[in-house]
There are 2 protein chains.
Amino acid sequence: MVLCRIYIFGNVTERMNPLKKPVTLHDIAREAGVSFNTVSRALNDKPDINEETKRRVLEVARRLDYRPNRVARGLRQRRTATIGVVVADLANPFFAEVVEGIDRVCTARGYGLLLANTEEDPARELAAVQHLVERQVDGVLLAPTQRDLASLHYLVKKGVPFSLLARFFKDFAAQAVINDDREGARSAVSHLLSRGHRRILFLNGPSYNSSASLRLEGYRLAHAEVGLPVDETLILTTNARMDGGKAAIETALQHSLEFTAVFCFSDYVAFGALRALRRAGKRIPAEMAVMGYDDVAFAELVNPPLSTVRIAKTRLGATAAEALLARIEGTSSLSGERLITLSPELVIREST
Amino acid sequence: MVLCRIYIFGNVTERMNPLKKPVTLHDIAREAGVSFNTVSRALNDKPDINEETKRRVLEVARRLDYRPNRVARGLRQRRTATIGVVVADLANPFFAEVVEGIDRVCTARGYGLLLANTEEDPARELAAVQHLVERQVDGVLLAPTQRDLASLHYLVKKGVPFSLLARFFKDFAAQAVINDDREGARSAVSHLLSRGHRRILFLNGPSYNSSASLRLEGYRLAHAEVGLPVDETLILTTNARMDGGKAAIETALQHSLEFTAVFCFSDYVAFGALRALRRAGKRIPAEMAVMGYDDVAFAELVNPPLSTVRIAKTRLGATAAEALLARIEGTSSLSGERLITLSPELVIREST
DNA sequence: TTGTAGGCGTTATCAT
DNA sequence: ATGATAACGCCTACAA
């Protein structure tokens with residue numbers, strides 16, 4: 001592995017402008033020969049103002065390329081038009097797409113997006129949330145690690161509105177936008193059962209994760225529907241990454257566990273499982289069916305293309321943002337709901 | 001395709017706390033029996049203060065769970081400890097990883113991260129930059145669309161420091177952290193040539209993209225090194241996404257263009273090419289070699305695992321952030337350099 | 001219709 | 001060592 005060296009060419013010729021002082025309301029006022037709050041009125045088009053002066057003021061503002069100082073405005077109005085976004089793992093395409101959805105509605109409505117990454121570490125989650133609160137965000141969108149409730153308690157204590165992304169708590173009444181993971185898992189496992197599989201290995205996520213527990217319910221439900229008892233030895237817990245899937249399959253094979261299909265907590269896990277299975281000489285789907293979850297962009301690119309459960313990721317982000325903004329701005333729509341559940345879609349490709 | 005319906009369960013029982021007024025310096029001052037700027041001194045541990053009172057003040061602050069209002073601080077100090085990040089496409093894992101690198105150094109140094117997404121639209125790029133400037137960010141990290149210089153001129157005019165991510169301009173002296181794309185392409189094409197390929201199709205990005213033009217130079221250089229003239233008909237321009245690679249291969253095949261290897265602008269493009277080639281019955285690498293660029297996480301998962309050129313993505317983001325912060329804070333280190341170039345790494349897997 | 005005054009929560013600059 | 005006072009740029013009264 002080649003070490004990355006840094007090459008440096010040339011040097012910046014042009015000196016940065018030494019942060020020239022921005023034009024303020026006062027500057028415009030002086031230029032237009034009015035008081036500075038007449039300018040304020042003109043710019044925020046308030047009712048009480050003469051059309052003619054307003055026109056003149058706006059003209060001057062345009063000429064000087066005036067830009068409001070949103071920090072000052074934020075201090076005065078006690079709202080910053082900013083929302084904090086705390087995700088578990090940015091490099092995970094799942095969250096990247098969720099954030100894209102959030103960005104779309106936030107920028108459309110003039111809100112800024114203050115981003116933080118926890119890497120599934122509860123301590124970082126709390127630190128991030130506190131930091132965001134200090135920055136006076138109007139609300140927070142959070143994918144909690146679910147190891148504890150510290151950050152949520154903090155938000156409640158500070159009175160900052162928030163919604164949860166893709167995860168929720170049974171015993172903590174916070175708004176959450178989630179995927180219907182019970183149904184997603186049920187339909188996936190049903191599909192496998194309908195193909196004749198009777199021993200379906202389940203590589204699930206950790207039990208504190210709400211998606212994992214919902215998917216486990218779905219797994220059981222599908223079995224119950226056909227009157228098949230669940231063999232608990234087929235339920236394994238892995239970490240949510242690729243190596244988790246690989247490792248789980250390897251140990252399962254070592255212990256000569258019997259199964260003809262694998263249902264995975266995520267596409268990532270499925271990719272790992274796929275590799276391990278192929279390395280063990282299993283042909284897919286002839287000898288072994290594999291099913292993922294999420295439908296990240298690459299699911300259709302692996303070999304064979306992965307069957308999976310699609311989550312509407314950007315939609316999830318966009319919906320969460322809308323619900324939160326509605327709550328912040330006092331709009332009605334989705335504001336009061338506890339759980340907003342998006343329905344999943346079974347995507348059958350060639351791995352099952 | 002199943003339409004995604006929204007199910008809504010339950011209702012939020014607990015009313016959000018009506019944004020209780022946060023504790024301020026004054027509150028602490030009253031509680032501790034000192035003036036509010038003594039409190040300020042204590043908290044920012046300034047020199048001129050009695051140890052005893054300082055201890056007392058800090059104790060009160062802790063008890064009341066005081067948090068500084070960073071908006072007020074930002075207004076007063078004219079620095080917000082925030083940097084703006086403008087990327088081209090969040091859903092692209094390349095940029096997601098770059099942002100992860102940025103996040104790591106920014107949070108470590110107490111900076112917040114205001115994120116915006118252009119989706120390669122110059123108009124959105126300018127709007128995003130203006131928005132960030134209104135929010136008084138201390139600096140901007142920008143992956144420019146390169147269709148025009150409007151946003152850069154704007155930043156210069158406003159005197160806001162910025163660095164470019166992964167792209168640069170020959171004729172505009174802005175700091176940029178980039179990959180050595182000429183060398184990356186040269187080594188990739190060299191490798192193909194050394195395997196005996198003589199007609200190497202190049203699916204390149206649009207020419208305004210600085211990476212694309214550098215990679216073209218590398219393509220030519222590799223040919224020159226072995227004294228092979230370049231057949232210009234082998235150089236195609238595609239959009240940087242998967243469908244681009246697919247479409248390009250399809251037309252190339254239709255026009256019965258002769259080639260035994262394909263070098264792609266990105267892994268994404270390569271994935272598309274891979275599919276189109278396989279659909280056309282080509283065996284890889286026996287009949288056709290394929291090489292990508294970037295080394296996104298999935299490159300090793302496709303079939304066959306993709307040979308590619310690795311860019312140190314998180315490192316690129318982290319380096320850019322460090323350079324920018326150094327410039328903002330007046331630290332020496334990388335601050336003055338024009339181009340900071342990271343060296344790529346050739347990764348040979350099974351597609352070549 | 002317009003201008004004046006005050007304050008949002010800090011930090012910085014004076015006095016004391 | 002501490003306290004009063006003045007910004008920072010804006011908005012929201014209220015007065016003219």
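Convention: sequence-line order gives letters A, B, ...; per-chain numbering from 1.
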Next on the checklist: Under a 3.5 Å distance rule, please check whether A:Asp138 uses its side chain to pair with a backbone N or O of A:Ile83 as donor and acceptor.
Outcome noted: no

Next on the checklist: Please report the distance, rounded to the nearest Å, between NE2 in B:His26 and C1' in C:dT11.
Outcome noted: 12 Å

Next on the checklist: Can you tell me whether the side chain of B:Arg67 and the base of C:dG9 have a donor-acceptor pair closer than 3.5 Å?
Outcome noted: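 Answer is no: no donor-acceptor pair is held.
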
Next on the checklist: So, under a plain 3.5 Å distance rule, would you say the side chain of B:Arg73 forms a donor-acceptor pair with the base of C:dT10?
Outcome noted: no

Next on the checklist: Closer than 4.0 angstrom, basic N to acidic O: yes or no for A:Arg73 and B:Glu134?
Outcome noted: no

Next on the checklist: Nearest to the side chain of B:Asn37, heavy atoms from C-beta on, is which of C:dG9, D:dT2, C:dA12?
Outcome noted: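 Comparing C:dG9, D:dT2, C:dA12 against the side chain of B:Asn37, the answer is C:dA12.
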
Item to check | Length of the line joining B:Asp45:CG and D:dA1:C1', which is rounded to integer Å | outcome: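 Going from CG in B:Asp45 over to C1' in D:dA1 covers 16 Å.
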
Checklist entry - Hey, are A:Arg104 and A:Glu100 close enough for a salt bridge, meaning a charged N less than 4.0 Å from a carboxylate O? => result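 Answer for the salt bridge query: yes.
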
Checklist entry - So what does A:Val71 hit on the nucleic acid, given a heavy-atom distance under 4.0 Å: a base, only sugar-phosphate, or nothing? => result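 It contacts nothing in the nucleic acid.
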
Checklist entry - For C:dT11, does either OP1 or OP2 sit under 4.0 Å from a side-chain N or O belonging to B:Asn44? => result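 Answer is yes, contact under 4.0 Å.
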
Item to check | Salt-bridge criterion met for A:Asp103 and B:Arg124 (N-O under 4.0 Å) | outcome: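 So A:Asp103 pairs with B:Arg124 through a salt bridge.
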
Checklist entry - Mapping B:Asp48 and B:Ala72 to their closest nucleotides on DNA chain D, which lands nearer the 5' end? => result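 Closer to the 5' end of DNA chain D: B:Asp48.
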
Checklist outcome for this item: Looking only at C:dT2, D:dT2, D:dC11, the nucleotide nearest the A:Ser40 side chain is D:dC11

Checklist entry - Looking at C:dG3, does its base get a donor-acceptor pair with the side chain of A:Arg41 below 3.5 Å? => result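 Side chain to base: pair present.
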
Checklist entry - A:Arg55 CZ to C:dT1 P: how many Å, rounded? => result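 From A:Arg55 CZ to C:dT1 P: 16 Å.
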
Next on the checklist: Please compare A:Asn50 and A:Phe36 by the position of their nearest nucleotide in DNA chain C and report the one closer to 5'.
Outcome noted: A:Asn50

Item to check | Gap between atoms CD and C1', on A:Gln77 and D:dA13 respectively (whole Å) | outcome: 14 Å

Checklist entry - Can you check whether B:Arg78 has a side-chain N or O nearer than 4.0 Å to OP1 or OP2 of C:dT10? => result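 B:Arg78 to C:dT10 OP1/OP2: no side-chain N or O under 4.0 Å.
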
Checklist entry - Between A:Arg147 and A:Glu125, does at least one N-O distance fall below 4.0 Å, as a salt bridge requires? => result no

Checklist entry - Is A:Leu25 touching bases, backbone alone, or none of the nucleic acid, heavy atoms closer than 4.0 Å? => result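 The residue A:Leu25 makes sugar-phosphate contact but no base contact.
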
Next on the checklist: Any base atoms under 4.0 Å from A:Asn69, or only sugar-phosphate, or nothing? Heavy atoms, all strands.
Outcome noted: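 Answer is sugar-phosphate: A:Asn69 comes under 4.0 Å of backbone atoms only.
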
Next on the checklist: Mind checking if A:Ile49 touches a base, just sugar-phosphate, or nothing, with heavy atoms under 4.0 Å?
Outcome noted: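 Touches sugar-phosphate only.
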
Item to check | Nearest-nucleotide pick for B:Thr53, side chain only, options being C:dA12, D:dG9, D:dT2 | outcome: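 Per side-chain heavy atoms of B:Thr53, the pick is D:dT2.
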
Checklist entry - What is the distance from CD of A:Glu134 to C1' of C:dG9, rounded to the nearest Å? => result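 After rounding, the gap between these two atoms is 13 Å.
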
Checklist entry - If you measure from the Lys or Arg side-chain nitrogens to the Asp or Glu carboxylate oxygens, is any gap between A:Glu59 and A:Arg62 under 4.0 Å? => result yes

Next on the checklist: Is there a side-chain contact between B:Tyr66 and the phosphate of C:dT10, meaning an N or O under 4.0 Å from OP1 or OP2?
Outcome noted: yes

Item to check | Donor-acceptor pair (no angle test) under 3.5 Å: A:Arg76 side chain, C:dC8 base | outcome: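 Result: no qualifying N/O pair found.
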
Item to check | Options C:dG3, D:dT12, D:dG3, nucleotide nearest the side-chain atoms of A:Ser35 | outcome: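 The answer is C:dG3, which lies nearest to the side chain.
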
Checklist entry - Does OP1 or OP2 of C:dC8 have a side-chain N or O of A:Arg79 closer than 4.0 Å? => result no

Checklist entry - B:Lys46 has an atom NZ; how far is it from atom P of D:dG3, in whole Å? => result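 Distance check: B:Lys46 NZ to D:dG3 P gives 16 Å.
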
